[in-house]
Amino acid sequence: MPTTLTINGTSHQVDLPGNVPLLWVLRDALGLTGTKYGCGVAACGACTVQINGEATRSCQVLLEDVDGPVTTIEGLGTPDNLAAIQKAWVANQVAQCGYCQSGQIMQAASLLAEIPDPSDEEIDEAMAGNLCRCGTYPRIRAAIHDAANMIKTGA
Ligand code: FES
Ligand code: FES
């Protein structure tokens, strides 16, 4: 029996076994390839999406265990109407190879929803599980501060 998932505000019927990780449902069944596969064992954060607004490693959640609406990088904003966090990422030229960045942005968006003006320490703690082989950590931190300001000032 198909499973109904709400992804980026749209309802989808997914006809896959319940033990398929959400990451592969998103990428292979729904074509939402912005969410990346890095390690498959909750060690890198590349696969981070939001479930019920909480940053979640989609490689670790089975289809049958998804218990709320899912937001992926494709649902945060559109090219014509980027979310503040995406604008801040662009302004700070955060990405290098880019592979980890959708996971970083989804994690950062959850952080800002919980803590609107995080300190450096709060950023480092929240982002610690999202690895970047290109070492973009200083720009990630700067972009999160910028996004917090944009949201605060409505810029
Ligand atoms: S692919 Fe899920 S945490 Fe690395
Ligand atoms: S930008 Fe290359 S891994 Fe993070």
Side-chain angles (χ1 to χ4, degrees), residues 3 5-10 12 14 16-79 82-115 118-150:
T3 304
L5 290 182
T6 302
I7 316 256
N8 300 331
T10 301
H12 296 269
V14 179
L16 287 172
N19 64 355
V20 174
L22 175 62
L23 171 61
W24 302 116
V25 175
L26 294 172
R27 289 184 56 85
D28 291 352
L30 300 175
L32 295 168
T33 55
T35 304
K36 303 302 185 196
Y37 169 64
C39 66
V41 293
C44 76
C47 67
T48 304
V49 299
Q50 294 173 354
I51 301 178
N52 288 314
E54 265 190 52
T56 304
R57 307 295 187 242
S58 63
C59 70
Q60 298 298 300
V61 180
L62 303 181
L63 173 59
E64 64 195 5
D65 293 332
V66 176
D67 63 356
V70 177
T71 305
T72 71
I73 189 72
E74 291 90 348
L76 268 195
T78 64
L82 294 177
I85 190 80
Q86 294 169 306
K87 287 183 194 165
W89 238 250
V90 172
N92 285 275
Q93 299 186 10
V94 175
Q96 289 200 20
C97 81
Y99 198 83
C100 72
Q101 297 294 328
S102 58
Q104 305 277 5
I105 290 171
M106 297 310 291
Q107 184 77 38
S110 286
L111 166 64
L112 289 175
E114 191 185 338
I115 306 176
S119 65
D120 284 346
E121 291 71 28
E122 287 168 328
I123 291 172
D124 291 348
E125 187 180 335
M127 303 301 293
N130 288 76
L131 305 186
C132 176
R133 288 177 299 176
C134 301
T136 62
Y137 303 112
R139 294 203 296 273
I140 287 172
R141 195 198 264 178
I144 292 173
H145 283 306
D146 274 3
N149 273 336
M150 282 184 207

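Numbers here simply count residues along the sequence, with the first being 1. Order of appearance sets the numbers: ligands from 1, and atoms from 1 within every ligand.
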Do we see a donor-acceptor contact under 3.5 Å between the side chains of Gln50 and Ser110? yes

Is the closest side-chain donor-acceptor distance between Thr56 and Glu54 under 3.5 Å? no

Listed protein N/O/S atoms, distance to atom 2 (Fe) of ligand 2 under 2.8 Å: Cys97 SG, Cys134 SG

Quick check: closest heavy atoms across Ile85 and Ala108, and the distance to 0.1 Å? CD1-CB, 3.7 Å

Once rounded to the nearest 0.5 Å, what's the spacing between atom CG of Asp28 and atom CG of Leu16? 8.5 Å

Proximal protein heteroatoms (N, O or S) of atom 2 (Fe) of ligand 1, under 2.8 Å: Cys47 SG, Cys59 SG

So do Thr35 and Trp24 actually touch side chain to side chain, heavy atoms under 4.5 Å? no

Met127 and Ile144, any side-chain heavy atoms less than 4.5 Å apart: yes

So His145 and Ile123, do their side chains get closer than 4.5 Å, heavy atoms only? yes

Min side-chain heavy-atom separation Asn130-Arg57 under 4.5 Å: yes

Atom of Cys59, atom of Ala42 and distance for their closest heavy-atom approach: SG-N, 3.7 Å

